[in-house]
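What follows is a single structure, written as structure tokens, with notes after it.
Chain identifiers are assigned alphabetically (A, B, ...) following the order of the sequence lines, protein sequences preceding nucleic acid strands; residue numbering begins at 1 within each chain.
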Amino acid sequence: MPVRVLSDGARPGAQVPAHLTRVPISAISINTKYSNKTVEGKVVRKGPLVFLPAGNFILKAVIQEDDSPANASSHTLSINIVLLGALAKDFSQAVNQGDVVVASGFTVGKSPTFNKDKLHPCNLQLSEDACVYVFRLPLPPDPKSLLATKRSTTLSTEVFRRPKTPKYTYVQLGNLKARSVVNVYGVVVFFKQPFRSRGTDCCSTLKITDQSNQKISCSIFCDKLEDHPKIFQIGDIIRMHRVKTTLFNDSITLVNTFGFSALTFDGTVGRPVEPRTSSRSFHFDQDDRRIVEELRSWAASQTVLPAVTTTPLSAVQPKSYFDLNCQLLAKAPIDTTCTLLRVWDGTRCPHTLLKVIVEPNVTEGPSSFSKKKESLIANVLVYDNHVEFARKLKPSDFLRIYNLRAIPGSSKVPGLTSSQSVEVDHLAFHLHGGTAYGRGIRILPENSPDVQELERVFEGFTEDDDDELSDSDLLDVWSTPPESPGGETVQCGTERCCSHDIQPVTLSKVKQSDPGRVHHVRVQLSSYEPHMLHQALKLYCSKCTSLQDIPDDELVAGLFSEASRDSGACTPPPWALSGQVDVPGVSLGSSNRTLHIHLSAQLMSEGKTKELIFLRGSTLEETCRLAASYQNIVPVRSSEGRLAPLDLSVPFLFRGRKRYYGCKRCSEAVLREPTAEGVQVIDEKIIAEALGVQLLKFVLLMKLELQDATDTLAVFLWRDAELFFNVSAEDVAANQEAQNSVRQTVETLCPPGGSTGGRPWLDLCLTTYRGEDDGVQNQTCHQICHTTITKLSCAQSEPEPT
DNA sequence: GGTTAGGATTTG
């Protein structure tokens, strides 16, 4: 925001950048440059915010010098100011009549209203490059009186705003004093990606400099990676709030302290000034922009600063260390200290590259590529501490690998058997262990210029026509950049929890196999049914193994009202005590209804009057309402003068928000008193048993289409669906939260309208069996078993606002 | 209310 409201009571001059000098209003004239000048005055008139075409704004105001030089003539003390665009909007909101403002970055024009208002012959025009600092007297203690005063004295209906964010001051690196807490800006001249320290945190070490030419080392300790400064390359500009100065080896060093936060910026002159941060709220204004731009142009003029270079694969020299921007296509663990990253940058390295052979089933991402693409792929071996970071990488991620080493000749590659020879006369790429020289890997964000450059190069890449279809088709999957979901990031994967000791196979292998087998696969979810997830919920009878849909509410309500009309005389069973309950009318003015209830005499005698009622004559809606007051409600009707359960097309039991159904085929429902002796909780099982009802189980049934590099396969998710989604189907039937959880999981595995590149790879255990139902004999079916979702919900943590 | 690191090429 270009309008800065400074602390209550602050006086002009205190926080305006020091390089600006004030010009008296009376001295303003056309044909003079005012690039480093300010004017100061009290707002004596503030016009309304006027909307212009194309979403633009204009606002006019008059400011008056209130501590003017004695020799100024009175008519030149006040000057019209014209504000345009966002500045006008901000001014309208943040500035009140009576405030003292300091303006900079304005241009001077001839005042068209001079003849009319007899004010200054010039006006000040403030647009994009201008800045307005607002000073305001301390507020009276009672906000009500303040508002009243304001209303009576302002011309427009502006919102009076207390300053939201304090103004930060930044100490030049040459002026740092030991043992203080400061805010600083600097150009990064050295940095390491965050690495795990021996203590509790990750550590970023960096060195920064500024116009004072001091080079200051910094150590940033944060547990969470996202709180660390997002430094991509030397020359980036960093702003840090709340770092403390300490002395080490006679030099000032900076360490983060309580409330630390950092913004970083691309250090290239001319690029957009976009702060990089994980923090959801931070202070950033025209002054910050100016500081960043000044540091950029200063750094550009400095020859002593290290040059920023990345090297494309086409220019890599043997024996050199270099930084590589690339896209990850596939990765595979080699052993505990080494991981293979298969990357490309769209350029061809002139040297023969190392080939590393790994089992296809340990590879994440495609295990083979078209010949043409294969010739562009570099195999990067990352060691030791980088293995842990490599675990987090996904195929299709854009990476910057720092201090990668190109090693010519034959090297031994760990994990290879003797039959898998390593080519001699090749170039191998190693990311050695440790963090010396900033060695490490960073995932580049989608909006980074480096990523955009890579994408441009990839766009120019076409597959050979004679390539095998399966490979080239799948390339599209891998060339697709990852989705960047807004807000909370949910990363999903799956984990097998079976005891099978078998290696993963491809889907084409699964398709060829006989029923009665178990397979492990690594796949993506390409589609699922039903799309209306409530339709995935079914009722299952474990006795006759039948599966049925849950009756819809309309049908159930109809059966209830039909039963409620049957109001013939009715003799309750001898074990029951009968009574009545009033149910308030549904709408205002509709009369209360009196319903018959019957209770177990046994339970009554134990004082358990709320635990179970048999309810007669109610509608579905009334039953649901009463379910809030009674733990168990069994709807009953009068049948041939006796009390009987309702037809099993409707729930035989309501327990809170949960409804329970019985199997029509396997139940012989009669009304009996439950034996609740020694029973702590009367639940659906006890009641079902008493009523002779075969309880139906809620289950989830989905049909999923899986895909990998070789094929697609339709599988069922049923027997272990609850394990898979980590919810109970009964909860899904009753509560929104569980439904949302299932929906969210499915949508993360298979984003609606999303590209396949954003879909996670899933490790599944499949059983293959002979389907017998539905008259389709001998059909081979597949089912996901022994597999559970692992959901990493990375809610953006909220560091202290900066 | 503050240990960790405090740059400085490699086992492969």
Side-chain angles (χ1 to χ4, degrees), chain A residues 176 178-181 186 188-209 215-225 227-229 231 233-234 238 240 242-261 305-306 311 317-324 332-341 354-356 358 379-387 390 401-416 420 422-424 426-441 799-800:
Chain A
L176 291 172
R179 302 163 69 82
S180 59
V181 174
V188 176
V189 292
F190 170 80
F191 71 105
K192 289 182 177 186
Q193 293 301 331
F195 57 94
R196 200 35 79 189
S197 75
R198 273 188 257 263
T200 57
D201 295 322
C202 284
C203 176
S204 292
T205 61
L206 53 141
K207 196 174 267 181
I208 60 174
T209 190
K215 291 199 171 62
I216 301 291
S217 296
C218 318
S219 296
I220 307 300
F221 297 100
C222 298
D223 179 30
K224 293 187 199 128
L225 277 182
D227 296 343
H228 281 259
I231 305 170
Q233 60 189 14
I234 286 170
I238 184 167
M240 292 188 282
R242 290 170 286 257
V243 283
K244 64 179 176 188
T245 55
T246 58
L247 265 185
F248 178 76
N249 286 346
D250 295 329
S251 303
I252 297 260
T253 62
L254 297 173
V255 180
N256 60 313
T257 185
F258 203 64
F260 166 80
S261 69
L305 295 184
T311 307
Q317 295 298 314
K319 296 186 186 174
S320 65
Y321 289 91
F322 65 105
D323 293 350
L324 176 69
I334 301 290
D335 62 27
T336 56
T337 67
C338 181
T339 294
L340 168 70
L341 302 181
L354 172 77
K355 288 191 177 61
V356 184
V358 291
N379 289 311
V380 175
L381 294 163
V382 309
Y383 290 94
D384 305 339
N385 51 319
H386 309 301
V387 168
I401 307 179
Y402 300 87
N403 199 232
L404 191 55
R405 188 178 180 205
I407 305 178
S410 65
S411 305
K412 288 222 169 66
V413 176
L416 293 183
Q420 296 169 321
V422 171
E423 272 198 14
V424 288
H426 63 252
L427 208 52
F429 297 114
H430 288 219
L431 185 67
H432 292 299
T435 61
Y437 279 80
R439 237 178 261 143
I441 306 173
E800 287 282 307

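Here the side chain of A:Phe195 is nearest to one of B:dT9, B:dA5, B:dT3, namely B:dA5. For A:Phe221, the listed nucleotide lying nearest its side chain is B:dA5; candidates were B:dA5, B:dT9, B:dG12. Counting only heavy atoms from C-beta on, A:Asp384 has its side chain closest to B:dT11 among B:dT10, B:dT11, B:dA5. Closest approach to the A:Asn256 side chain among B:dT11, B:dG2, B:dT10 is made by B:dG2 (side chain taken as heavy atoms from C-beta onward). Distance from the side chain of A:Tyr437 is smallest for B:dG7 among the nucleotides B:dA5, B:dG7, B:dG2. Proximity note for A:Ser219 (side chain, C-beta onward) versus B:dG6, B:dT10, B:dA8: the nearest is B:dG6. Among B:dG1, B:dT10, B:dA5, the nucleotide with an atom closest to any side-chain atom of A:His432 is B:dT10. Among B:dT3, B:dA5, B:dG12, the nucleotide with an atom closest to any side-chain atom of A:Val255 is B:dA5. Taking only side-chain atoms of A:Thr253, from C-beta outward, the nucleotide of B:dG12, B:dA8, B:dG6 with the closest atom is B:dG6.
Nucleic acid contact for A:Arg405: base, since at least one base atom lies under 4.0 Å from a heavy atom of the residue. Using a 4.0 Å heavy-atom criterion, one finds that A:Thr257 contacts the bases of the nucleic acid, with or without backbone contacts as well. As judged by a 4.0 angstrom heavy-atom cut-off over every strand, A:Gly434 is placed among residues making no nucleic acid contact. No contact: A:Ser217 has no heavy atom under 4.0 Å from any strand.
Ring-base stacking between A:Tyr321 and B:dT9 is satisfied, the centre separation being under 5.5 Å and the plane angle under 30°.
Note on A:Lys192: a side-chain N or O is less than 4.0 Å away from OP1 or OP2 of B:dG6.
The cationic atom of A:Lys192 (NZ for Lys, CZ for Arg) lies less than 6.0 Å from the six-membered ring centre of A:Phe195 and within 45° of the ring axis.
Considering A:Asp201, A:Thr205, A:Val243 in turn, A:Thr205 is the only one that fulfils the side chain to side chain contact (heavy atoms under 4.5 Å, CB included) rule with A:Ser219.
Residues that satisfy the side-chain hydrogen bond (donor to acceptor under 3.5 Å, both in side chains) test with A:Ser180, not counting sequence neighbours, are A:Thr245.
Side chain A:Arg439 to base B:dT9: a donor-acceptor pair is found below 3.5 Å.
Looking at every heavy atom in both residues, A:Leu341 comes nearest to A:Ile441 through CD1-CD1, 4.0 Å.
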